[in-house]
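Shown next, in C-alpha cells, is the structure this report addresses.
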Amino acid sequence: MAMDKTFDANTAEPRIYQMWEDAGAFKAGANARDGASTYCIMLPPPNVTGHLHVGHAFNHTLMDILIRWKRMQGFDTLWQPGLDHAGIATQLMVEKDLAATGQPKRTELGREKFLEKVWEWKAAKGGMIEQQARRLGDSMDFSRSAFTMSGASSAPDTEKSGNFHDAVLQVFVKLYNDGKIYRGKRLVNWDPHFETAISDLEVENREVDGHMWHFKYPLANGATYEYVEKDEDGNETLRETRDYISIATTRPETMLGDGAVAVHKDDERYNPIVGQLCEIPVGPKAQRRLIPIITDPYPDMTFGSGAVKITGAHDFNDYEVAKRGNLPMYALMDTKGTMRADGKPYAEEAAVAQAIANGEQTFDEAMIAAMNMVPEEYRGLDRFDARAKVIADITAEGLAVMHDVTRTVKNDDGEKVEVTETVPMVENKKIMQPFGDRSNVVIEPALTDQWFVDTAQIVQPALDAVRNGETKIMPESGEKVYYHWLDNIEPWCISRQLWWGHQIPVWYGPDVVPNFGGITFLDGPPDETSAVPTSRPSFCELTEEEAIKNARAYYESKLNKPVTISICESSGFDNQTVADAGDHYSVNLYRDPDVLDTWFSSGLWPFGTLGWPAENEAMKYFPGDVLITGQDILFFWVARMMMMSNAVLDENPFHTIYLHQLVRDAKGEKMSKTKGNVIDPLDMIDAYGADALRFSNAQMAALGGVLKISEDRIKGYRNFGTKLWNAFSFADHYEIPNAGDTAMPQATQTLNKWIIGEVGKTRVAVDAALETYRFNDAANTLYAFTWGKVCDWYLEFSKPILQGEDEVAKMETQATLRWVLDQALIMLHPIMPFITEELWGTADTRAKMLVHADWPTYGAELVDADADAEMNWTINLIETVRSNRAQVHVPAGAKVPLVFTELEAKGQAAWDNNHVLIQRLARIESLKKVDALPKGCVTIPMPGGTFGLPLEGLIDVPSEIARLEKSMQKLGKELGGLRGRLNNPKFAASAPPEVLAETQENLRLREEEEAQLKAAIARLAELG
RNA sequence: GGGUGAUUAGCUCAGUUGGUAGAGCGCUUCCUUUACACGGAAGAUGUCGGGAGUUCGAGCCUCUCAUCACCCA
C-alpha cells in the first residue's frame, strides 16, 4: 500500500486520539509494569470557564511529554486532569449569560436558584477546555477528571459523584479547630462591582494618569509656627510663618476618614507642631474635625510635603500606620464604593470622633465600624463624585495650596500674551492604581470582616521543604522568589462575598446569658455594615446536623432548659432568634453567607483530586512528582499547595516544581485581545497539526527562558514531521518489509554499526535531557538525529546496498533501517504522539500501540568507535568534495575523478569500505593513485591521506589561492592559540591532563592540515 | 523604591562543573538526481551590550555602567 504524500493531521489526529481513548491508554496505571513505582502529575486546573490558550498548550505539552515518557518506561502513571470552579469568573459569566438571555438577575433569583443556574451553565458550556486538550494530544485520564466544587450540596445528581467539597470542608474545619483559621476585621482588596473581597492575584496594578492635590490642614485654634526649609548644606531656603500643615494626596475623598497627619520624626520642618491638632479642611464648618499630628517611620521626607494624611480604612500603608498609632479607622464607603449613607447624623458622629481624637473617649473596632464620618452633603455620592466635590469645596474655601502658573494665551486681538495666574497646585503624575481584573473597576481597600488563614503558623514546613532540598524549584531563581515571599508572608484572606463557591461551614447563633426569668442579649442584631459580629457564638462543623447538635448542647447548658434549633437566613436573624416556648427555648442559627477563595480549594488539589478524605486507592499517587506551572502563580497556588499539603497530610505535594514564563508572541510581547496579537493554539493545530505545535513548544522550553511562540517555527516542525513521514515512504519505496517489533540487529556492516551507535547516543541524550527537564535539548537532539543523521546520511548511504546484489548486506540493512526508524518513532513519540503512532501502525503487526511501546534502555555500548570514526571520515570526505565542487562551479550532475598520492592503511580501508557511497554522494567517477598531485588540483586534506580533485581549467587560480589563504589565516589563529597555551608553563602545570592531551592532539591535527594547505598553495602558485 | 532575569549571527534563541561559539528561520547561489521542493547541495554573516578585574585560558566567575523585561511595593 502506497503511503500518502504527507501526514494528514486534520483527519488522522482525531482518529488516533479516539483509538487511544477507546483503548483506555491514558487510564491511571495503563501500561504499568508489575510493582512499578507511581509517577503522577497534577494538571494545574483550568477555570471551568476557560479556553485553551498558548500558555496551556505550552505547559500541557511538557506534562504530556513526561507522562508519555514515563508511561512507556512502565511506570504506574497518572496525569490528573480537572477543572477549577473559579468563583468570581464563573459567577460573572453566568450573570452575563442571564442578562443576555433576558432572565432574572442573580439577586432576584436568590442564592439557591442562582446556583442551579450556575450548575446548568457548567453542564452546558463549562469544561470546553477538556475537549480542546484532547486536540493537543494530552494523555490525561479524563475518566478521573476532578472538579473543585464536586459533591457540593447545591450540585445536581450528575455532579454529586466527586467529593472535592468534602475535602475543602474537612480542611477548613481542621484548620479552624487547630486555631489556624480566624475571623477578623482587616483591610482587604475590595471590588465595588462584585461587592466582594478579592485576592491579590485578581488585582491588576495599572499605571494611570493621576493627580496629586495639595491642601492646607489649618492648625487648631489658629496656632502658628515657623516653617523652615533648608538645602543640603543646611542653608535656609525658605522661612515663613504658617498656620497650617500642607498635605499632598491623590485621594482627597478619603480625607473625611483621616485619623491623623503623620510626619517623620527626623523631619525638622514639622518638629514644632508634632503633638498638636490640625483640622480636616472639609465638611460643615461647625463640626470640623481636629486630628493629631503624629510621627511615624512611614512618611518619606523627600516626597510631597513630607506630611501624610492617615486614613487607615482606605489605604494599605495608612492601615499599618494607624495600627501602630492606635488611630481610629473610619470606613467611608459602602460595598458599592459609594459614600456611606447609614448611621447617625454627621454632627453626632463628628462629636464622638472629636472626643476620640482628644483622647477623651475610648473606642473599639465595632464602634468605629458603625460610625459614619461622611457629612450629609456627601452621603450617597459615588466615590469619584465625592472626590470632585471635596476638591471644589476646599478650593472654594481657600485651603488648597496655590501656586503661580504662567502660560501663553491669545488675547482678544489674537496676540500672544503671557498671563500669570494663581491656581491650585495639582501635580499630574503617573500613579499605580489597582483594578479588578474581571470587573475593571478601581479596587477600594476596605476594612471588612473576613476569614483568614494564619499562614505564619503553617508556612514553616513549606519553607523548610525547599531550603533542605526535599522540593526543588526550577529554575533556581524561583527559589529565591519563593523564600522572599514566604519569609514575609501575610495572613491569607479566604472569604469572598460571592455565592458560587464553598460556603463557609460556620453557623452563628445569638449570644445570650440567662437572666432572672429571661435572657439578655450580649450583642445587638446584625446591622448593615457589619453583618456578623465577631463575638457571636459560632459552630464550625462539617454538616448542618453537627452544627445543630453542638449548638443545642451549647445553649442547653447555658440556658438550663431544652432548646430546639432551627436554621434561618442571615437576613432573618434578629431579636427573635431566641423564643421562650414555655417548656423550651427556640434558637435560630444562620450560616455564614460567604464562600471560600477559589485558591483555598486549589490549594488542596494535590490530594483533593485523589478522593481524599475518603479511603481511596488513588491516594497512592500522592505525593505527586512534578508540578509544571507558570511562574506567575508561584505564590497564589504553588506556595499554598506546599503549605496545605504539609498542614493537612504532613507531606510535600511534589518533589519538583518546574516554573515557566508567560508565553508571548514572536516579538516577545504579551498577547492581548486589544493588541490583536493573540495566537490561538487551535488555529495552529488546524494549520500545522498538534505535533508541530508540540514540537515547537518543547523546543522553546529552555529552563527559565523567555517563551516566544512563532508561527514560522511551528511550520518548520510541521516540515520535520513530513521529513519523518518521508523516511517511511522511503522504506516503502525500497520495499523494505515492515513486520513490526523487530529486535536490534546484530550488524556487521560498518554503516549499520554506525547508525545503531547513533541511536544509542540519542537515547542517552534524550533521557538525560528529560530527566533534567531540558525539553529543548531533548527536542533538538531528536531533530538532529532524525534529520541530520538518519535522513541526510543513513538513508542515502543505504541506497547502494538496498539496490545492490549483496543479499546478506541488504537484509541486514533492511532490518537495521526498520529498527532505526522504529527507535526514532519511540523516542519522538512523547513529543509528537500522533504522527509517530500513525507510522507505527503501518507495520504488519504490533504487540502494542506505540503509546505503550517499551522505552529503550540501550546506550553507549551500542557505539562502535571504529565504525563511528570511519563513517565520520566518509561524511567528511564527501562534504569536502562537495564543497570544493560547488566552489569552482562544477555542474551538480557532472562526475569528476578523484586522485590521491598516498593513503595510510586506515585511510585505505575507509576508502575501500565506503567508496561506493563516496562516489555516489560526491559524484566521483573514479579514484586513481598518482605520484604527485597534478598542477591546478584542489587539495583535500584528510586524516590518513591527501586527496585531490583535478579540476584544471575549471579553477580560477587567484581566487582559489585567496580562499586557501583565508583558511590558512583562520588556522593560523587557532594554531597561535594552541601553541601559546602549550608553551605556557602555567598551562601545563594547572590544566587537567585530559585537556592537555586534547590540546596536543588538536595541535597535531591542525599542523597536519596546515602542511597540506601550504602544499596546495604552493602547487597553485606554480600554476599561476 | 525593592526583587528577579535578560543583552550571543539579519530575526528568534541554545550554549549544564571556565578549555576558545551553535540551531532553527531568513538570506545568496545551484539543483525538479527515483523518499521528501513542507526537499537536496553549497555559502555568507558574530570585538558573545560597554568597561575593568580574577585566571595559563572568560560567552560562562567578580565588579561597574548602560538598556530592556517581568514580579512586588
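Sequence lines set the chain letters: A, B, ... in the order given, protein chains first and strands last, and positions in each chain run from 1.
Screening residues 686-699 of chain A for salt bridge (charged side-chain N to carboxylate O under 4.0 Å, His left out) gives A:Asp64-A:Arg694, A:Arg135-A:Asp686 as the qualifying pairs, with residues at least two apart or on separate chains. Within the structure, salt bridge (charged side-chain N to carboxylate O under 4.0 Å, His left out) contacts touching residues 717-729 of chain A (residues at least two apart or in different chains) do not occur.
With hydrogens and angles disregarded, a donor-acceptor distance shorter than 3.5 Å links the side chain of A:Arg885 to the backbone of A:Arg923.
Nearest-nucleotide positions on RNA chain B for A:Asn317 and A:Asp712 put A:Asp712 closer to the 5' end.
Stem analysis of RNA chain B (at least three stacked-register Watson-Crick or G-U pairs, each with both distances under 3.5 Å) gives B:1-7 with B:66-72, B:10-13 with B:22-25, B:27-31 with B:39-43, B:49-53 with B:61-65.
The gap from the C1' atom of B:A66 to that of B:G51 amounts to 11 Å, rounded to the nearest Å. For the P atoms, the distance from B:C61 to B:A73 is 30 Å, rounded to whole Å. With both ends at atom P, the span from B:C71 to B:U55 equals 41 Å, rounded to whole Å. Between B:G49 and B:A35, the distance separating the two P atoms is 45 Å to the nearest Å. One P atom belongs to B:G50, the other to B:G39, and the distance between them is 36 Å to the nearest Å.
Checked against the 6.0 Å centroid criterion, the rings of A:Tyr783 and A:Tyr717 qualify as a close aromatic pair.
Between the side chains of A:Thr813 and A:Asn752, at least one donor N or O sits under 3.5 Å from an acceptor N or O.
Atom P of nucleotide B:U12 and atom CD of A:Glu711 are separated by 17 Å, given to the nearest angstrom. Atoms CG (A:Asp777) and P (B:G22) sit 16 Å apart, rounded to a whole Å.
In this structure A:Glu13 satisfies the salt bridge (charged side-chain N to carboxylate O under 4.0 Å, His left out) test with no other residue, sequence neighbours excluded. Taking A:Arg467 as the reference, A:Asp487 meet the salt bridge (charged side-chain N to carboxylate O under 4.0 Å, His left out) condition, with sequence neighbours excluded.
Taking 4.0 Å as the cut-off between side-chain N and carboxylate O, A:Arg251 and A:Asp315 do not count as a salt-bridged pair.
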Under 3.5 Å, which N/O atoms of the protein pair with N/O atoms of nucleotides 30-40 of chain B?
from: B:A35; atom 1: OP1; to: A:Lys799; atom 2: NZ; distance (Å): 3.1
from: B:A35; atom 1: OP2; to: A:His733; atom 2: NE2; distance (Å): 3.3
from: B:A35; atom 1: OP2; to: A:Tyr734; atom 2: OH; distance (Å): 2.8
from: B:A35; atom 1: O2'; to: A:Asn726; atom 2: OD1; distance (Å): 3.3
from: B:A35; atom 1: O2'; to: A:Ser729; atom 2: OG; distance (Å): 3.3
from: B:A35; atom 1: N6; to: A:Cys791; atom 2: O; distance (Å): 3.1
from: B:A35; atom 1: N6; to: A:Glu796; atom 2: OE2; distance (Å): 3.4
from: B:A35; atom 1: N3; to: A:Asn726; atom 2: O; distance (Å): 2.9
from: B:C36; atom 1: O4'; to: A:Asn726; atom 2: OD1; distance (Å): 3.3
from: B:C36; atom 1: O4'; to: A:Asn726; atom 2: ND2; distance (Å): 3.4
from: B:C36; atom 1: O2'; to: A:Asn726; atom 2: ND2; distance (Å): 3.0
from: B:C36; atom 1: O2; to: A:Lys723; atom 2: NZ; distance (Å): 2.7
from: B:C36; atom 1: N3; to: A:Lys723; atom 2: NZ; distance (Å): 2.9
from: B:A37; atom 1: OP1; to: A:Lys5; atom 2: NZ; distance (Å): 3.1
from: B:C38; atom 1: O4'; to: A:Asn719; atom 2: OD1; distance (Å): 3.0
from: B:C38; atom 1: O2; to: A:Arg718; atom 2: NE; distance (Å): 2.8
from: B:C38; atom 1: O2; to: A:Asn719; atom 2: OD1; distance (Å): 3.2
from: B:C38; atom 1: O2; to: A:Thr722; atom 2: OG1; distance (Å): 2.5
from: B:G39; atom 1: OP1; to: A:Asn719; atom 2: ND2; distance (Å): 3.3
from: B:G39; atom 1: O3'; to: A:Lys723; atom 2: NZ; distance (Å): 3.1
from: B:G40; atom 1: OP1; to: A:Lys723; atom 2: NZ; distance (Å): 3.0
from: B:G40; atom 1: OP1; to: A:Trp787; atom 2: NE1; distance (Å): 2.5

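Below 30°, between 30° and 60°, or above 60°: for A:Phe58 and A:His660 the angle between ring planes is above 60°, a perpendicular geometry.
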